[in-house]
Each structure stands twice: as structure tokens, then as C-alpha cells.
Amino acid sequence: MSEPAGRAEARTVEVTGTGTADAAPDLLTLSIGVECRRDSAVDAYAAAGEASAAVTAALRSRGVENRDIRTSGLNVRADVLWQEGRGQQVTGYVASSMLSVRLRDLASGSGIIAAAVEAGGNDVRLDGVQLGFADAAAVTALAREAAWADARAAASQLAALAGAELGEVASVRQQPVPSAPIPVGGMQRAFAADALTVEAGESGVSTSVTVAWELHPRSGMPPVP
């Protein structure tokens, strides 16, 4: 069916609102690895394997489950040095591996990290930790409510400025806003003798919603052309 001739299209106002909700995190993701330098690639690879196995054994002994330990990187390379008149010379071989570990008991986090570092010895490397949520649904819902309130407030103001009022919702789109990781540390190498304390604090989840409302003439006022 065709629209009646001369019928004006419905006026709308579209606004994007953003919202953030904070809550205490319940998940700590740790990036920990080993790096071994030896005279041969075979020796370097074997040493890295032993150190990595010692680290994972320490993690498991502290209650970290297999599902929360994942190998995220493995590399063997030649260590070269430029020498005048001789060019690049191989001075040794470096083998490294990286583990991504999820810790669900934040209260034990410092002790677990210390145990892993002690097990790996001088070959261990910490690349930082990130705090977050095992299930962010509840926090995201609060952020979404805040984003909706932000959008509606802005839309109501714009409608009033246009001599109108908000009608029915015409469309809704949600676009998550990436949350920056919360780094702890910044160390390249760590040793068990150095005590590190992981403070959970609060983490934030952000999101945005784009909402379009129909504009209706304000009660008691003629339509604005």
C-alpha cells in the first residue's frame, strides 16, 4: 500500500549515550613466561621446557585448574651479534614460551604469582596482569542502564529545544566501548624475594547505546513545520 500523498515523514531525534559501571573484579589474568639462552637450540628449548613445566606445576599445586592455564606463545631464535669484518655471528640460542593464566581467587593471587616466579627462577618473565570479571553480564547491564539514561536525557533536551517532546522509540543500537586493561606492575623480570601485592580495587565496564525517538508536538502547541 502506498502512503497518502502529502503525508509528512515522522520527525525523529537520534542520540548516543554512554555509561560506565564499576564493580570489584573477580578474575585476574596473568601473563607469565620463561626465556632461556643456551649455546645450542636444543639446549635452549629443553631448558625452556623444564622451566615452563616447573611454573605450571607450581600453579597447579596452588589450586589453579588446567582450564585456566594456556600456552599463548612459543619461540626459538638465534641470538646474533654484528662483528666488524665478520658480519653477523650467532652467539647462542634463545627459547621462550608464554603462559596465560586465569586466577579466580584474587586473595591468593600474590602468593600464586610468587610461587610461579620462584619455580621458574631467573628464567621467569612477568609481562603484567589484568583484572576483570569472570562474568561481566551484571556489570554490563548496569552500564547499559546508565547509557540509556544518558541518551534519554540528551534527547529530551534536544526535543525541548525543538519545541517537541519524545514519543515512541524508533530504533536502538548498542555499541560496546572497549575498556582499557588495568595493568599491575610493569616489570620485565621479577624474583621471589621481591614481594608483590595485587590490589583488586574496582574495574569498570563501559558501553554505549544509540537511540532514535519519534518527536511529537508538545501538548498545547501546534506542530513545528
Side-chain angles (χ1 to χ4, degrees), residues 19-36 44-77 94-144 146-147 174-208:
T20 300
D22 296 323
D26 59 3
L27 183 69
L28 186 152
T29 302
L30 168 68
S31 295
I32 183 170
V34 296
E35 183 177 272
C36 299
Y45 184 80
E50 292 174 2
S52 182
V55 170
T56 55
L59 293 170
R60 293 188 179 99
S61 71
R62 290 301 188 104
V64 182
E65 300 180 14
N66 290 336
R67 63 175 177 141
D68 291 328
I69 304 174
R70 179 174 60 87
T71 300
S72 58
L74 181 63
N75 181 59
V76 179
R77 62 177 173 82
V94 179
S96 61
S97 65
M98 183 65 64
L99 295 173
S100 177
V101 184
R102 293 181 298 184
L103 305 182
R104 301 177 187 274
D105 183 6
L106 268 61
S108 303
S110 297
I112 294 174
I113 294 173
V117 170
E118 183 178 9
N122 291 341
D123 293 325
V124 77
R125 180 181 294 274
L126 288 178
D127 286 342
V129 300
Q130 182 176 335
L131 295 164
F133 306 97
D135 184 0
V139 185
T140 302
L142 294 176
R144 193 180 296 119
Q174 179 179 345
Q175 182 67 38
V177 177
S179 299
I182 302 176
V184 178
M187 71 296 287
Q188 288 301 312
R189 291 191 180 275
F191 301 92
D194 297 328
L196 298 176
T197 301
V198 178
E199 300 292 346
E202 287 193 340
S203 294
V205 172
S206 299
T207 190
S208 67

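Note that this is a predicted model, so its numbers are computed, not measured.
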What closest approach, in Å, do L27 and A134 show between heavy atoms, and which atom pair accounts for it?
-> CB-N, 3.8 Å
Between V124 and A116 the two heavy atoms that sit nearest each other are CG2-O, 4.4 Å
Rounded to the nearest 0.5 Å, how far does OG of S97 lie from CZ of R125?
-> 11.5 Å
Rounded to the nearest 0.5 Å, how far does CZ of R62 lie from CG of L103?
-> 11.5 Å
Correct closest heavy-atom pair for A146 and G19 would be CB-CA, 3.8 Å
Which value, rounded to the nearest 0.5 Å, describes the distance between L106 atom CG and S108 atom OG?
-> 9.0 Å
Among L126, L99, D127, V101, which residue meets the side chain to side chain contact (heavy atoms under 4.5 Å, CB included) test with S31?
-> D127
Interatomic distance, OG@S100 vs CD1@I69, rounded to 0.5 Å, equals 10.5 Å
Taking the side chain from R102 and the backbone from R67, do they hold a donor-acceptor pair closer than 3.5 Å?
-> yes
Say you draw a straight line from CG of D123 to OG of S96; how long is it, rounded to the nearest 0.5 Å?
-> 11.0 Å
Residues forming a side-chain hydrogen bond (donor to acceptor under 3.5 Å, both in side chains) with R104, sequence neighbours excluded = D68
When every non-hydrogen atom of A143 is compared with those of V205, the smallest separation belongs to CB-O, 3.4 Å
Output yes when a side-chain donor or acceptor of T140 lies under 3.5 Å from a complementary backbone atom of A136, and no otherwise.
-> yes
Does T56 use its side chain to pair, donor to acceptor, with the backbone of A53 at less than 3.5 Å?
-> yes
From OG (S110) to CG (L28), nearest 0.5 Å | 8.5 Å
Shortest non-hydrogen contact between A58 and S61, atoms and distance | O-OG, 2.7 Å
Minimal heavy-atom distance between F133 and A24, with the atoms involved, is CE2-O, 3.5 Å
Could you tell me whether the side chain of I32 reaches within less than 4.5 Å of the side chain of I113, counting heavy atoms only?
-> no
List for me each residue that meets side-chain hydrogen bond (donor to acceptor under 3.5 Å, both in side chains) alongside N66, sequence neighbours excluded, and say none if there are none.
-> R60
